[in-house]
Amino acid sequence: MAKIFCVANQKGGVGKTTTTVNLAAGLATVGQRVLMIDLDPQGNATMGSGVDKRKMPLSVYDVLLESASIREAAVLSEKCGYHVLGANRELAGAEVELVALDHREKRLKTALSEVADDYDFVLIDCPPSLSLLTLNGLCSAHGVVVPMQCEYFALEGLTDLVNTIKQVHANLNRQLQIIGLLRVMFDPRITLQQQVSDQLKAHFGDKVFDTVIPRNVRLAEAPSYGLPGVVFDPAAKGSQAFVEFAREMVERVRRG
Ligand code: ADP
Ligand code: MG
């Protein structure tokens with residue numbers, strides 16, 4: 001049975017997409033069968049996995065509207081070693097179309113139940129909002145991975161997300177929990193980042209992943225080649241950190 005994780009944070013530009021594609025590639029590297037689902041109409045995770053969002057015959061939009069199954073719509077990214085259920089601008093319209101439909105927040109969950117045995121991990125890249133799309137992700141998932149930068153307002157922003165996750169847990173998905181907070185774009189030379197990192201650990205304890213993702217220009221360059229950093233430059237510090245993070249995730253899942 002696949003373990004399903006959302007990568008979510010309602011802030012934009014915090015590293016959700018970078019985390020999703022590199023964790024997917026890292027998990028594939030260590031031998032896991034992975035499906036990456038792009039729930040952001042910007043389609044960055046799709047492009048960043050080597051799939052052209054403008055040329056996809058079917059996307060997550062068709063899955064949400066039940067005109068295609070995941071098996072029909074997902075494609076293998078051969079370079080990356082994982083399957084991609086892509087997104088493009090069409091998905092922005094799904095929000096409006098879904099509102100009128102039954103079980104609107106459980107469409108993705110229903111579709112995923114058919115492929116649960118095809119994968120070890122399903123990773124869902126969420127848009128930077130707490131929208132109906134994100135809700136579909138949260139209703140499908142066993143857990144949430146929250147990438148965050150160790151900045152002054154980081155903890156404040158977390159409160160909204162934690163409350164949303166609590167509400168979804170109470171009303172829609174009893175299995176949902178925060179798996180962990182991932183410190184990303186970390187620069188240990190900046191004293192403030194070190195301090196916020198210490199605060200995070202004091203506050204959230206075990207919920208803070210051991211792995212820390214450093215700020216690394218190779219991770220930022222990789223998307224322009226249509227690849228996750230882990231595939232584009234496996235030797236880069238940031239790529240190695242993501243493979244390490246993949247191992248940590250496998251270990252957490254094993255421990256339960
Ligand atoms: P989100 O999906 O939350 O909007 P992205 O993953 O797109 O965030 O990241 C925002 C920007 O930061 C992108 O330009 C990305 O390349 C860059 N970035 C993300 N993680 C790192 C990192 N560890 N080191 C350097 N740049 C990064
Ligand atoms: Mg993104």
Side-chain angles (χ1 to χ4, degrees), residues 5-26 36-51 53 59-60 80 84-89 91-92 94-95 123-131 133-134 136-138 141 144-151 153-154 157-158 160-161 164-165 178 180-190 193-194 196-197 200 208-246 248:
F5 299 108
C6 276
V7 179
N9 188 321
Q10 77 278 16
K11 278 175 75 173
V14 290
K16 290 181 291 297
T17 299
T18 305
T19 298
T20 309
V21 299
N22 282 285
L23 177 57
M36 193 286 295
I37 300 178
D38 191 352
L39 266 188
D40 188 335
Q42 291 186 64
N44 293 343
T46 305
M47 298 294 278
S49 301
V51 176
K53 65 181 178 184
S59 70
V60 69
C80 300
V84 175
L85 178 56
N88 53 32
R89 289 194 52 205
L91 184 59
E95 187 88 28
L123 301 178
I124 305 172
D125 187 31
C126 291
S129 61
L130 301 171
S131 61
L133 292 171
T134 301
N136 262 276
L138 294 175
V144 186
V145 172
V146 184
M148 54 185 304
Q149 287 170 258
C150 292
E151 287 173 345
F153 289 114
L158 263 184
D160 289 340
L161 183 64
T164 302
I165 291 169
I178 293 188
L181 307 175
L182 177 66
R183 292 163 286 174
V184 298
M185 298 191 225
F186 193 76
D187 185 345
R189 292 167 303 183
I190 301 175
Q193 293 209 2
Q194 201 66 63
V196 173
S197 174
L200 269 184
V208 182
F209 289 111
D210 293 333
T211 311
V212 177
I213 310 297
R215 184 171 283 283
N216 179 218
V217 68
R218 300 301 269 171
L219 292 175
E221 288 168 352
S224 60
Y225 297 86
L227 294 171
V230 166
V231 178
F232 173 62
D233 183 356
K237 284 236 155 60
S239 306
Q240 291 183 346
F242 271 115
V243 174
E244 196 49 48
F245 178 47
E248 187 177 356

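First listed ligand is number 1; within each ligand, the first listed atom is number 1.
The shortest heavy-atom distance from Ala222 to ligand 1 is not under 4.0 Å. Contact analysis leaves Pro128 out of contact with ligand 1, as no non-hydrogen atom separation drops below 4.0 angstrom. The shortest separation from a heavy atom of Val184 to ligand 1 is not under 4.0 Å, leaving the residue out of contact.
Near Asn216, meaning under 4.0 Å from any of its heavy atoms, are these atoms of ligand 1: 22 (C), 24 (N), 25 (C). Annotation for ligand 1: atoms under 4.0 Å from non-hydrogen atoms of Val14 are 1 (P), 3 (O), 8 (O). Under a 4.0 Å criterion applied to the non-hydrogen atoms of Leu219, ligand 1 contributes the atoms 22 (C), 23 (N).
Side chain to side chain, Ser239 and Asp233 fail the donor-acceptor criterion of an N or O pair below 3.5 Å. If you check the side chains of Thr17 and Asn44, you find no donor sitting under 3.5 Å from an acceptor. Judged by distance alone, the side chains of Thr211 and Glu244 never bring a donor and an acceptor atom under 3.5 Å apart.
A distance of 6.0 Å separates NZ of Lys11 from CD of Glu151, quoted to the nearest 0.5 Å. Taken from CG in Leu200 to CG in Leu158, the straight-line distance is 7.0 Å, to the nearest 0.5 Å. Residue Asn136 holds its CG atom at 7.0 Å from CG of Leu39, rounded to the nearest 0.5 Å.
Here's the thing with Thr19: none of its N/O atoms is less than 3.5 angstrom from an N/O atom of ligand 1. Residue Thr18 has at least one nitrogen or oxygen atom sitting less than 3.5 Å from a nitrogen or oxygen atom of ligand 1, judged on distance alone. Considering both main-chain and side-chain atoms, Thr17 comes within under 3.5 Å of ligand 1 through a nitrogen or oxygen pair. At under 3.5 Å, a nitrogen or oxygen of Gly13, whether backbone or side chain, sits near a nitrogen or oxygen of ligand 1. Ligand 1 has no nitrogen or oxygen under 3.5 angstrom from a nitrogen or oxygen of Pro223.
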Next on the checklist: Evaluate Met36 against Thr20 for side chain to side chain contact (heavy atoms under 4.5 Å, CB included), listing each step before the verdict.
Outcome noted: CA-CA 8 Å; Met36 193 286 295; Thr20 309; 3.7 Å; yes

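With respect to atom 16 (O) of ligand 1, the closest heavy atom belonging to the protein is Ala220 CA, 3.3 Å. What sits closest to atom 21 (C) of ligand 1 on the protein, heavy atoms only, is Met185 CG, 3.4 Å.
Formation of a donor-acceptor pair under 3.5 Å by the Thr134 side chain with backbone atoms of Ser129 is found in this model. In this structure, Asn88 contributes its side chain and Lys53 its backbone to a donor-acceptor pair below 3.5 Å.
The heavy atom nearest to atom 23 (N) of ligand 1, considering only Ala241, Pro214, Gly15, Gly238, is found in Pro214. Of the options Lys237, Lys16, Arg215, the smallest heavy-atom separation from atom 1 (P) of ligand 1 is shown by Lys16.
Under the 4.0 angstrom criterion, atom 11 (C) of ligand 1 counts as lacking any protein heavy-atom contact. Closer than 4.0 Å to atom 26 (N) of ligand 1 lies at least one heavy atom of the protein.
Here Thr17 meets the criterion, with an N, O or S atom under 2.8 Å of the Mg ion (ligand 2).
Looking only at side-chain heavy atoms (C-beta outward), Ser131 and Glu95 come within less than 4.5 Å of each other.
Between Phe232 and Tyr225, the angle of the ring planes stays under 30°, which puts this pair in the parallel group of the 30/60° scheme.
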